[in-house]
Amino acid sequence: MGNFRYYISIIITFIKFNIKKLSEYRVDFYLGVFLLLIIQFLNLSFFYLIFDAVPEIDGWNLHEILLVYGFYTLNCGFFIFLFGKLRSLKAYLYSGEFEIMLTRPIPPILHILISGFNEESIFEIILGFIIIFYAMNNLGISFNFINTIIIILFMILGSLIFGAIAIIAESILFYTRYSFTPIDSIFSLAEFTKYPISIFGIVFQKILTFIIPLGFLSYYPANYFLNKETIKVNIFFAEGVILCILIIVSKIFFNNGLKKYEGNGN
């Protein structure tokens, strides 16, 4: 319990520091938010253009796909908020800053995660909720208190699953002498979950469900409300089991990789 309070106090200190840094880069912040809104506008416009030409895609209408996309936006936003600094690991390894992290009295993975946050991701989270609300309203699904709690649970579980996958991907840097990580490929793969994975082949569905379970970012949460599932699973049980497995694997992978770390040679 003492360690827990200690880590919480460290996290709060870093958050305060990061908020102070934010005030020094207001132009970058506003530009980032503006670009985020432009990208989201273009993505949503793409959906409307497609469905202006066809009423359905493989049995999915516009608002059902918007619900999938809303969960994708929400969960990716929360993932970036929590785990966005993971992509800086390679830079930390090459600059020698990772060695400094190892001398501090907190786990290095926690140090990386709290060393900064992507403030634009907060707006992505808000936008995700707005898209989900809009889609559910047009689908006749009540956006009540219970459903709001369920959506938040899906946000937490989905982003943690993505986070564990990202930790495994970044940990490969230790095994390749800091030269390779498949993290960019993982992000590219996650792009497919903007859409219902049922429109893809069965092999790809299995990959996004059981091997690299990114389907839990958007497709399966949306199916909880739509009941269009082709692979029958208890969504909360499946997410819980997969998350536990990934947490164990990511911890083992990162800790074993850490043992191989020899510094940057400077």
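Because the structure is a prediction, the values reported are computed rather than measured.
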Handout entry: Shared hydrophobic cluster, I146 / I149 (ILVMFWY, side-chain heavy atoms < 4.5 Å)
Key = yes
Practice task
Give a yes or no on whether Y48 atom OH has more than 12 heavy-atom contacts from other residues, nucleotides or ligands under 6.0 Å away.
Solution key: yes
Practice task
Tell me, with the steps shown, if L44 and L66 meet side chain to side chain contact (heavy atoms under 4.5 Å, CB included).
Solution key: CA-CA 8 Å; L44 293 172; L66 282 179; 3.7 Å; yes
Handout entry: Any side-chain heavy-atom pair of I65 and P196 under 4.5 Å
Key = yes
Handout entry: Plane angle bin for W60 and Y219 - parallel if under 30°, tilted between 30 and 60°, otherwise perpendicular
Key = tilted
Problem - Beyond-backbone contact of L86 with I109, side-chain heavy atoms, under 4.5 angstrom - result: yes
Handout entry: CZ/F143: more than 12 non-hydrogen atoms of other groups inside 6.0 Å
Key = yes
Practice task
Report whether L89 and L102 are members of the same hydrophobic cluster (ILVMFWY, side-chain heavy atoms less than 4.5 Å apart, transitive linking).
Solution key: yes
Practice task
Apply the test side chain to side chain contact (heavy atoms under 4.5 Å, CB included) to residues M136 and N147: give CA-CA distance (whole Å), side-chain angles for both, the deciding distance (0.1 Å), then the verdict.
Solution key: CA-CA 10 Å; M136 291 177 68; N147 283 344; 4.1 Å; yes
Problem - F34 CZ: over 12 foreign heavy atoms closer than 6.0 Å - result: no
Exercise for the section: Using the salt bridge (Lys or Arg N to Asp or Glu O under 4.0 Å) rule, collect all pairs that involve residues 48-58, keeping only residues at least two apart or in two chains. Expected result: none
Completion exercise
Taken in chain and number order and not counting sequence neighbours, the residues that satisfy side-chain hydrogen bond (donor to acceptor under 3.5 Å, both in side chains) with Y69 are Q40, N43
Completion exercise
One should read off an interatomic distance between L36 CG and E124 CD, to the nearest 0.5 angstrom, of 5.5 Å
Practice task
Supply the atom-to-atom distance I132 CD1 to L139 CG, rounded to the nearest 0.5 angstrom.
Solution key: 12.0 Å
Practice task
Could you tell me whether the side chain of S88 reaches within less than 4.5 Å of the side chain of I112, counting heavy atoms only?
Solution key: no
Problem - Atom pair CD1 (I202) and CD1 (I207), whose distance is rounded to the nearest 0.5 Å - result: 11.0 Å
Handout entry: Over 12 foreign heavy atoms within 6.0 Å of CZ, F123
Key = no
Exercise for the section: Considering non-hydrogen atoms only, spot the tightest contact between I161 and L243 and give its length. Expected result: N-CD1, 3.8 Å
Handout entry: Side-chain touch F225/I150, heavy atoms, less than 4.5 angstrom
Key = yes
Practice task
Please indicate whether K85 has more than 12 foreign heavy atoms, meaning atoms of other residues, nucleotides or ligands, lying under 6.0 Å from its NZ.
Solution key: yes
Handout entry: Under 3.5 Å: donor-acceptor pair, side chain of E64, backbone of N61
Key = yes
Problem - Side-chain heavy atoms of I183 within contact of L173, under 4.5 Å - result: no
Practice task
Rounded to the nearest 0.5 Å, what's the gap from CD1 on I167 to OG on S250? Could you check?
Solution key: 5.0 Å
Exercise for the section: Give me the ring orientation class for F162 and F79: parallel if the planes are under 30° apart, tilted from 30 to 60°, perpendicular past 60°. Expected result: parallel
Exercise for the section: Please step through side chain to side chain contact (heavy atoms under 4.5 Å, CB included) for the pair V68 and Y72, ending with a clear verdict. Expected result: CA-CA 6 Å; V68 174; Y72 169 85; 5.7 Å; no
Fill in the blank from the handout: Heavy-atom closest pair (L258 atom, P108 atom, distance to 0.1 Å) is CD2-CG, 3.9 Å
Practice task
Report the hydrophobic cluster partners of I248, with the cluster defined as I, L, V, M, F, W, Y residues connected by side-chain heavy atoms closer than 4.5 angstrom, directly or transitively.
Solution key: I252
Handout entry: Steps toward ring pair (Phe, Tyr, Trp, His ring centres under 6.0 Å) verdict (Y224, F236)
Key = CA-CA 9 Å; Y224 176 87; F236 284 110; 5.6 Å; yes
Problem - Linked, directly or transitively: I245 and L157 (ILVMFWY side chains, under 4.5 Å) - result: yes
Exercise for the section: Could you tell me whether R87 sits above the aromatic face of F187, with NZ or CZ closer than 6.0 angstrom to the six-membered ring centre and within 45 degrees of the axis? Expected result: yes
Practice task
Could you grab the distance from atom NE2 of H63 to atom CZ of F47, nearest 0.5 Å is fine?
Solution key: 12.5 Å
Problem - Distance-only side-chain donor-acceptor flag, T209 / Y220, under 3.5 Å - result: yes
Practice task
Take the angle between the ring planes of F81 and F78 and call it parallel below 30°, perpendicular above 60°, tilted in between.
Solution key: parallel
Exercise for the section: Please step through side chain to side chain contact (heavy atoms under 4.5 Å, CB included) for the pair N227 and N223, ending with a clear verdict. Expected result: CA-CA 5 Å; N227 196 30; N223 263 296; over 6 Å; no
Practice task
Please report the shortest heavy-atom distance between G215 and P221, naming the atom on each side.
Solution key: O-CD, 4.1 Å
Exercise for the section: Consider only side-chain heavy atoms of I, L, V, M, F, W and Y, link residues closer than 4.5 Å, and tell whether I131 and I39 are in one cluster. Expected result: no
Practice task
Indicate yes or no: does E262 engage R177 in a salt bridge with an N to O separation below 4.0 Å.
Solution key: yes
Exercise for the section: First locate atom CG of L217, then atom OG1 of T73, and finally report the distance between them rounded to the nearest 0.5 Å. Expected result: 10.5 Å
Problem - Minimum side-chain heavy-atom gap L62-I50 below 4.5 Å - result: no
Problem - Heavy-atom check, side chain of M155 versus side chain of I151, under 4.5 Å - result: no
Practice task
Evaluate the side-chain proximity of I165 to P213: yes if any heavy-atom separation is below 4.5 Å, no if none is.
Solution key: yes
Practice task
Let me know which of F254, F98, Y92 forms a ring pair (Phe, Tyr, Trp, His ring centres under 6.0 Å) with Y261.
Solution key: F98
Handout entry: Donor-acceptor under 3.5 Å (S159 side chain, N75 main chain)
Key = no
Practice task
Determine whether I100 and L110 fall in the same hydrophobic cluster, where Ile, Leu, Val, Met, Phe, Trp and Tyr are linked whenever their side-chain heavy atoms lie under 4.5 Å apart.
Solution key: no
Problem - F204 ring center near F192 ring center (under 6.0 Å) - result: yes
Exercise for the section: Indicate, with yes or no, if the rings of F216 and F154 have centres closer together than 6.0 Å. Expected result: no
